Amino acid sequence: MFDESFDVIVIGAGHAGCEAASASARLGTETALVTINLDLIGQMSCNPAVGGIAKGHVVREIDALGGIMGRVIDRTGIQFRLLNRSRGPAVQSPRAQADRSLYRTEMRSVLEATPNLHLRQGTVINLIVDNNRVIGVEMQDSRNFGAKSVVIATGTFLNGTIHTGRKTFSAGRAGEPASIELAENLKQHGFPVGRLKTGTPPRLDGRTIDWDAFEAQPPDEKPVPFSFATEKIEQPQIECHIGYTSERLHQTIRDNLHQSPLYSGKITGIGPRYCPSIEDKVVKFADKDRHQLFLEPEGHNTNEVYLNGFSTSLPSTLQLELLRMIDGFENVKIIRPGYAIEYDFVDPREMRPTMESTRMDGLFLSGQINGTTGYEEAACQGLLAGINAAFSVQKRKPFILQRDEAYIGVLADDLIRHGVDEPYRLFTSRAEARLTLRHDNADERLSPKGREAGLVGDTDWERFNKKRDRIANLRNALDFTRFKRSSVEYAGISQILGADLGDSITLSQLAMRQGVQADLIHRLLPEACSDVRVTELETALADSLYSGYIEKQKAATERVNHHDTLKVPETFQFNAISGLSNEMVERLERARPRNFGQVRTIAGLTPAAISTVLVHLTAHIPAGTGQN
């Protein structure tokens, strides 16, 4: 019946598929990674970058669990930056611009070197099902592959349609065919399917750009890697640049909205709120006379430049006209025009926390098929799906992450409990426990789980344990190293800070003082901590900094969870709550919850917004009503 049989088949070799296939194979199951074009494994279809706010946390978590995305970007990143450096440790997040071609090459190299992993090129058109369990896949070229578990990670390929102006055509992404038969097959099996939309900006010829007209954005002097195994970023780094649109450009877009499929009615799918097209920005933020753009080179050996912030589906001729209204782009040429793409997704509320479908046994879904957007969101779902697909074959206990354990757990829980009404992306504000879910402590939180699962090898486990021991000794030293007024160190510290420190002060107390940097504490550590790295010290100091807030956070969460019966008055005005963003008000007004329990289940509502609503609701309860 089958031409070949495997334990696990992964359909699609984007970021979700790569993580799924790698995890499954390394856990000892014979795994096939099936994709339309093997030359495009790990392709960065949109922005050639990894990380960002919350996304960087996720990549760190993937690495801590034994995934591969962090290691690949560390070897191929060409501009590393730690975002939110001026803010607290919990919201700082690494980001790296990638050499697009090199990332793809490196990802394929990693997969080809993985034992038990077999690459197969072809298009899957049908799932082979027996007694409501998937047992294989049918290929367009007539081959049939057998499997005990199947992971679908098809990205935007399911029934994909590309829009550029009035031109519309079927495609999974530019230059590649859509997966139409598989999309129809899922509908035949009864899967609830919806439609979403995303887009991409034009790619420009860097030789036709006046770079002096733009503000340079240099990389960090000391790059922060994504993988805990990476000691140092070796490859040369580049500058990106910042530019802006103009009011003249905005008016031209307004005059030509009828040429945008987004506004002409051709596009019916819902687009990403947090990555709107330039047409959307001009219409929805009419008060702004300019929007920021980022010029991001796509690699060391190419002239192609990604124009971040200018996603569009306008006609290609109009794209060029608009671009030439920007200072520095007077003579610019487009290598690839921007476009919008609509694609099918499956309602993620039909999944288990393992990423397995509740409708069909042995079938796992990961990535944009679940309604998410972003490489990182896709990759972490792929990791969960790959682990659990292998565990299903091996009859092992399911691998599940909770909301307070990882951003990956937040994402999975959000998808399964609330579903999506627009492409889902992660933010630090989505996590109740964000003070403890920092990027720097992802290994402390998750590496033991990765080790238990079987993805963290001996070398990485030894490295992790040595680091854990150093940090434990460090925390002890911070609490018990004390400088008295009579000591030389006390005098020096007092002089640096220009303040009296009392009769004595510990390193922990000193670290809490305004203006004290980690490097000063590092210099004052006892000899027993001489091998401690500054990054490890920053982790220990962040734990100390947030300790009091974490207790308050836990208390607030418990308080929120005990008010589900609290009624929302019919006359209650959510837009009168000063602490809510326009998005949160929009979601609340659309849902019109009748009680606080319904407020807590509204998709996309952040923990902070939920707490704010609770405060205002309790303030409006008349005395003596007895509501809790």
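Since the model is a prediction, treat every value here as computed from it, not as a measurement.
Side-chain atoms of Q319 come within 3.5 Å of backbone atoms of G338 as a donor-acceptor pair (strictly under, hydrogens ignored). A distance-only check finds no donor-acceptor pair linking the side chain of D205 to the backbone of V332 [under 3.5 Å]. Side-chain atoms of Y244 do not come within 3.5 Å of backbone N or O of F214 as any donor-acceptor pair. In this structure a side-chain-to-backbone donor-acceptor pair under 3.5 Å is missing from R81 to G52. Between the N47 side chain and the N308 main chain, no donor and acceptor come within less than 3.5 Å of each other. Between the Q292 side chain and the G309 main chain, no donor and acceptor come within less than 3.5 Å of each other. No donor-acceptor pair under 3.5 Å is formed between the side chain of S544 and the backbone N or O of A540. A donor-acceptor pair under 3.5 Å is absent between the side-chain atoms of D63 and the main chain of S227, judged by distance alone. For the pair D74 (side chain) and P225 (backbone), a donor-acceptor distance under 3.5 Å is absent. N84 contributes a side-chain N or O that, together with a main-chain N or O of V91, makes up a donor-acceptor pair within less than 3.5 Å.
For the pair R468 and F464, the NZ or CZ position fails the cation-pi test of under 6.0 Å to the six-membered ring centre and within 45 degrees of the ring normal. For the pair R60 and F226, the cation-pi criterion (under 6.0 Å, within 45° of the ring axis) is not fulfilled. Both the sub-6.0 Å distance and the 45° axial angle are not jointly satisfied by R324 relative to the ring of F329.
Taking every heavy atom of both residues into account, L426 and E377 meet most closely at N-OE2, 2.9 Å. Of all heavy-atom pairs between I341 and A171, the closest is CD1-O, 3.6 Å. Between A453 and R396, the closest heavy-atom pair is O-NH1, 3.1 Å. Here the shortest heavy-atom pairing between A406 and L401 reads CB-CD1, 4.2 Å. Nearest approach of A379 to M69, heavy atoms of both residues: CB-CE, 3.7 Å.
Between D458 and R451 there is a salt bridge, since a side-chain N of the basic residue sits under 4.0 Å from a carboxylate O of the acidic one. With respect to the salt-bridge test (charged N to carboxylate O, under 4.0 angstrom), the residues E296 and R95 qualify. Between E452 and K449 there is no salt bridge, since none of the side-chain N atoms of the basic residue sits less than 4.0 Å from a carboxylate O of the acidic one. A salt bridge does not link K467 to E444: none of the charged side-chain nitrogens sits closer than 4.0 Å to a carboxylate oxygen. A salt bridge is absent between D413 and R430: the closest approach of a Lys/Arg side-chain nitrogen to an acidic carboxylate oxygen does not fall below 4.0 angstrom. The pair D440-R438 counts as a salt bridge, with a side-chain nitrogen and a carboxylate oxygen less than 4.0 angstrom apart. R463 has a carboxylate O that lies under 4.0 Å from a charged side-chain N of D460, or vice versa, which qualifies the two as a salt bridge.
Taking 4.5 Å as the limit, every side-chain heavy atom of R533 sits out of range of all side-chain heavy atoms of H522. Counting heavy atoms from C-beta on, the side chains of L295 and I242 never come closer than 4.5 Å. T373 is not listed as a side-chain neighbour of L196, based on a closest heavy-atom distance of 4.5 Å or more. With contacts defined as side-chain heavy-atom distances shorter than 4.5 Å, the pair Q381/T372 qualifies. Between L117 and E112 there is no side-chain heavy-atom pair separated by less than 4.5 Å. At a threshold of 4.5 Å between non-hydrogen side-chain atoms, the residues D404 and L437 do not count as touching. You'll find the side chain of R445 stays beyond 4.5 Å of the side chain of E405, heavy atoms only. Here the side chains of D531 and R470 are in contact, with some heavy-atom distance below 4.5 Å.
For the side chain to side chain donor-acceptor pair (under 3.5 Å) test with S24, the passing option among N116, T29, N388 is T29; the others fail.
Interatomic distance, SG of C380 versus NE2 of H57, reported as 13.5 Å (0.5 Å rounding). Here the CD1 atom belonging to I238 is positioned 3.5 Å from the CD1 atom belonging to I78, to the nearest 0.5 angstrom. Taken to the nearest 0.5 Å, the CG atom of L411 stands 10.0 Å off from the CD atom of E61. A distance of 10.5 Å separates CD1 of I11 from CD1 of I36, quoted to the nearest 0.5 Å. Considering CG of L65 and OG of S447, their distance stands at 7.0 Å, rounded to 0.5 Å. Rounded to the nearest 0.5 angstrom, L537 CG and T539 OG1 are separated by 8.5 Å.
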task = Let me see the working for D99 and T302 under side-chain contact (heavy atoms from CB on, under 4.5 Å), right down to the final yes or no.
result = CA-CA 9 Å; D99 184 312; T302 179; over 6 Å; no
task = Determine, step by step, whether R104 and D39 satisfy the salt bridge (Lys or Arg N to Asp or Glu O under 4.0 Å) criterion, reporting the C-alpha distance in whole Å, the side-chain angles of both residues, the deciding distance to 0.1 Å, and the verdict.
result = CA-CA 8 Å; R104 191 174 64 232; D39 295 330; over 6 Å; no
inquiry  = Test side-chain contact (heavy atoms from CB on, under 4.5 Å) on F391 and L27; report intermediate values, then the result.
reply    = CA-CA 8 Å; F391 279 14; L27 288 172; 3.8 Å; yes
message = Could you walk me through whether R336 and E304 satisfy the salt bridge (Lys or Arg N to Asp or Glu O under 4.0 Å) test, starting with their C-alpha distance in whole Å, then the side-chain angles of each, then the deciding distance to 0.1 Å, before giving a yes or no?
response = CA-CA 9 Å; R336 312 183 203 206; E304 199 164 343; 2.7 Å; yes
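Residue-environment remark: CG (N301) stays at or below the threshold of 12 foreign heavy atoms within 6.0 Å. No more than 12 heavy atoms of other residues, nucleotides or ligands lie within 6.0 Å of CG in D327, so this atom counts as exposed by the packing criterion. Heavy-atom contacts from other residues, nucleotides or ligands closer than 6.0 Å to CZ of R290 number 12 or fewer.
Between H15 and Y103, the ring planes are tilted. Angles from 30° to 60° get that label.
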